[in-house]
Amino acid sequence: MSDLWVSKILQTTPGERGTIEAKANINVSEDVAALRKAIEGIGTTDKTLIDILTHRSSSQKQAVSKAYEETTKRILVNDLKGDTQGSLEDLLVALARPPAVNDAKWLNKAIKGAGTDINILIEILASRTNKQIKELSAAYAEKTKKTPMQKLKTEVSGDFGKAILLLAEGARDESTNVNADKAREDAKALYHAGEKKLGTDESKFIEILCKRSIPHLRQTILEYKNISGKTLQKSIEKEISGDLEELLVAIVKCVMSTPAYFAEKLYKSMKGAGTDETTLTRVMVSRGEVDMLDIRAEFKKLYQRSLYKEISSDVSGSYGDCLKMICGED
């Protein structure tokens, strides 16, 4: 690739509330040269890798990756794998990949092999938009020659399986208009399917929570509290159990505030002895360009602590430095 200034298209960012932003007037060739020097020199220079991968938008990083391959005849992600290790390797590789490829890989890891990692499955399918689900499905099919739907049908079953497959379609209603009467009807239907009924009609919960638009569900949750005197989350926790309970609670949390949902995930990944670095990496990378500013604010509101300081006290070395760069000081 010739020495060029990347066009304005590559300076757009997908999320207005992210901390990872497009670099103005990025010079792709300079980035490639810096990456080569950091990787090919004696001892990898983590600082350069971190600086570039946390200060470029996803589309800019794909332009750099393409130019890197054209220049070196090698793939950047593979070179990062060969030159770094452990949690830092996982973090840098994820930062270098397109978001849809990350989601597809995380989803594939969650459903392949013995047993299914329900937590990752729930996190991704409860929090992503239709567009993100369609993009991850395309990336998944390109890699595995199967759609997530085809694979999931063999892995999940029962009411939980029905709900997961509905979400995996990426066909949630996206209208922004809210009809208060219809929201009240749905709230009543949920009340009669759970609290008001002997036994629980799970199918009604699945239909409403997996299909209705996010603004409609926000209104439904408010109406439910008026009718029942309880929050919908509390009712789900009382009436439903197991994986389906976990999934429906995650949907309700994301409807109310996706940033608060992820703030809680981050807190739990660092709480107590030991750190869940897999979750920490996944959340920081997947939200860095989307809503990290809001996650930081929610983290402070929920836990009276700065996310940056929490990361600083919990993880160290280049891995910690890279996470702090994604987070940004708050």
Side-chain angles (χ1 to χ4, degrees), residues 1-7 9-14 18-106 108-109 139 142-143 275 277-290 292 311-312 314-328:
M1 187 182 266
S2 60
D3 195 18
L4 56 85
W5 298 97
V6 169
S7 70
I9 295 168
L10 293 182
Q11 291 173 23
T12 60
T13 49
T19 46
I20 297 179
E21 297 178 310
K23 184 185 178 190
N25 301 325
I26 173 184
N27 186 315
V28 170
S29 298
E30 278 182 11
D31 278 358
V32 170
L35 287 168
R36 287 188 71 178
K37 192 176 172 191
I39 289 168
E40 292 168 7
I42 299 168
T44 303
T45 316
D46 294 344
K47 189 179 181 305
T48 303
L49 302 179
I50 292 167
D51 189 51
I52 290 174
L53 293 173
T54 59
H55 290 92
R56 308 289 183 273
S57 69
S58 182
S59 52
Q60 288 178 335
K61 284 183 276 197
Q62 296 328 299
V64 170
S65 293
K66 187 166 179 278
Y68 184 92
E69 190 174 346
E70 285 168 4
T71 309
T72 66
K73 304 294 179 278
R74 298 193 312 268
I75 293 165
L76 177 59
V77 162
N78 293 347
D79 280 1
L80 290 170
K81 284 179 185 173
D83 262 65
T84 55
Q85 54 191 346
S87 297
L88 178 64
E89 177 196 320
D90 294 340
L91 182 54
L92 293 176
V93 164
L95 284 167
R97 281 187 183 133
V101 172
N102 279 329
D103 276 352
K105 283 188 175 288
W106 292 326
N108 191 40
K109 199 172 174 187
E142 194 179 319
K143 180 79 180 163
T275 304
E277 291 180 347
T278 307
T279 299
L280 193 52
T281 295
R282 191 177 61 251
V283 173
M284 293 300 287
V285 171
S286 66
R287 310 315 292 184
E289 216 174 331
V290 181
M292 188 54 69
I311 291 168
S312 303
D314 206 72
V315 286
S316 57
S318 296
Y319 176 67
D321 291 342
C322 191
L323 288 174
K324 285 186 284 185
M325 204 65 90
I326 298 170
C327 176

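Only a predicted model underlies this, so the values are computations on that prediction, with no experimental measurement involved.
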Taking C-beta and beyond as the side chain, do Leu49 and Asp83 meet within less than 4.5 Å on heavy atoms? no
Side chain to side chain contact (heavy atoms under 4.5 Å, CB included) with Thr275: which residues, sequence neighbours excluded? Met270, Glu277, Leu280, Asp314, Val315
Partners passing side chain to side chain contact (heavy atoms under 4.5 Å, CB included) against Thr278 (at least two apart in sequence or in another chain): Asp276, Arg282
Return yes if some donor-acceptor pair links the side-chain N/O of Glu21 with the main-chain N/O of Glu289 below 3.5 Å, else return no. no
Between Ser286 and Asn102, is a side chain to side chain contact (heavy atoms under 4.5 Å, CB included) present by the stated rule, with each step listed? CA-CA 8 Å; Ser286 66; Asn102 279 329; over 6 Å; no
Within the structure provided, determine whether Lys37 and Thr48 are in side-chain contact (heavy-atom separation under 4.5 Å). no
When rounded to the nearest 0.5 angstrom, what is the spacing between OG1 in Thr54 and CG in Leu95? 7.0 Å
Whether Gln60 side chain and Lys23 backbone form a donor-acceptor pair below 3.5 Å: yes
Using side chain to side chain donor-acceptor pair (under 3.5 Å) as the criterion, list what pairs up with Asp51, not counting sequence neighbours. His55
Over all atoms of both residues, closest heavy-atom pair of Ile20 and Arg56: CG2-O, 3.3 Å
Measuring from Asp90:CG to Cys322:SG, what's the distance to the nearest 0.5 Å? 11.5 Å
Which heavy atom of Met292 sits nearest to which heavy atom of Ile326, and what is that distance? CG-O, 4.1 Å
Residues that Glu89 engages under side chain to side chain contact (heavy atoms under 4.5 Å, CB included), provided they are two or more places apart: Lys81, Thr84, Gln85, Val93
All heavy atoms of Val28 vs all of Ala67, minimum pair found to be CG1-CB, 3.4 Å
For Ile39 against Tyr68, the heavy-atom pair lying closest together: CD1-OH, 3.7 Å
Output all residues satisfying side chain to side chain contact (heavy atoms under 4.5 Å, CB included) with Thr281, sequence neighbours left out; order by chain, then residue number. Leu91, Val285, Tyr319
Tell me every residue that passes side chain to side chain donor-acceptor pair (under 3.5 Å) with Ser318, counting only those two or more places apart in sequence or in another chain. Asp46
Check salt bridge (charged side-chain N to carboxylate O under 4.0 Å, His left out) between Glu40 and all other residues, then give those that pass, not counting sequence neighbours. Arg36, Arg74
Within-4.5 Å side-chain heavy-atom neighbours: Ser65 and Val77: no
Report the residues that fulfil salt bridge (charged side-chain N to carboxylate O under 4.0 Å, His left out) with Asp321, sequence neighbours left out, ordered by chain and then residue number. Lys324
At their closest point, which heavy atom of Gln62 faces which heavy atom of Ala96, and how far apart are they? NE2-O, 3.2 Å
Distance, nearest 0.5 Å, that separates CD1 of Ile311 from CE of Met325: 12.5 Å
Could you tell me if the side chain of Leu80 sits less than 4.5 Å from the side chain of Leu35, heavy atoms only? no
From Lys47 NZ over to Ile52 CD1, what is the distance, rounded to the nearest 0.5 angstrom? 10.5 Å
Please name the pair of heavy atoms, one in Pro99 and one in Ser58, separated by the smallest distance, quoted to 0.1 Å. CD-OG, 3.1 Å
Who pairs with Arg97 by salt bridge (charged side-chain N to carboxylate O under 4.0 Å, His left out), at least two apart in sequence or on another chain? none
Do Asn108 and Lys143 make a side-chain contact, defined as non-hydrogen atoms from C-beta onward lying under 4.5 Å apart? no
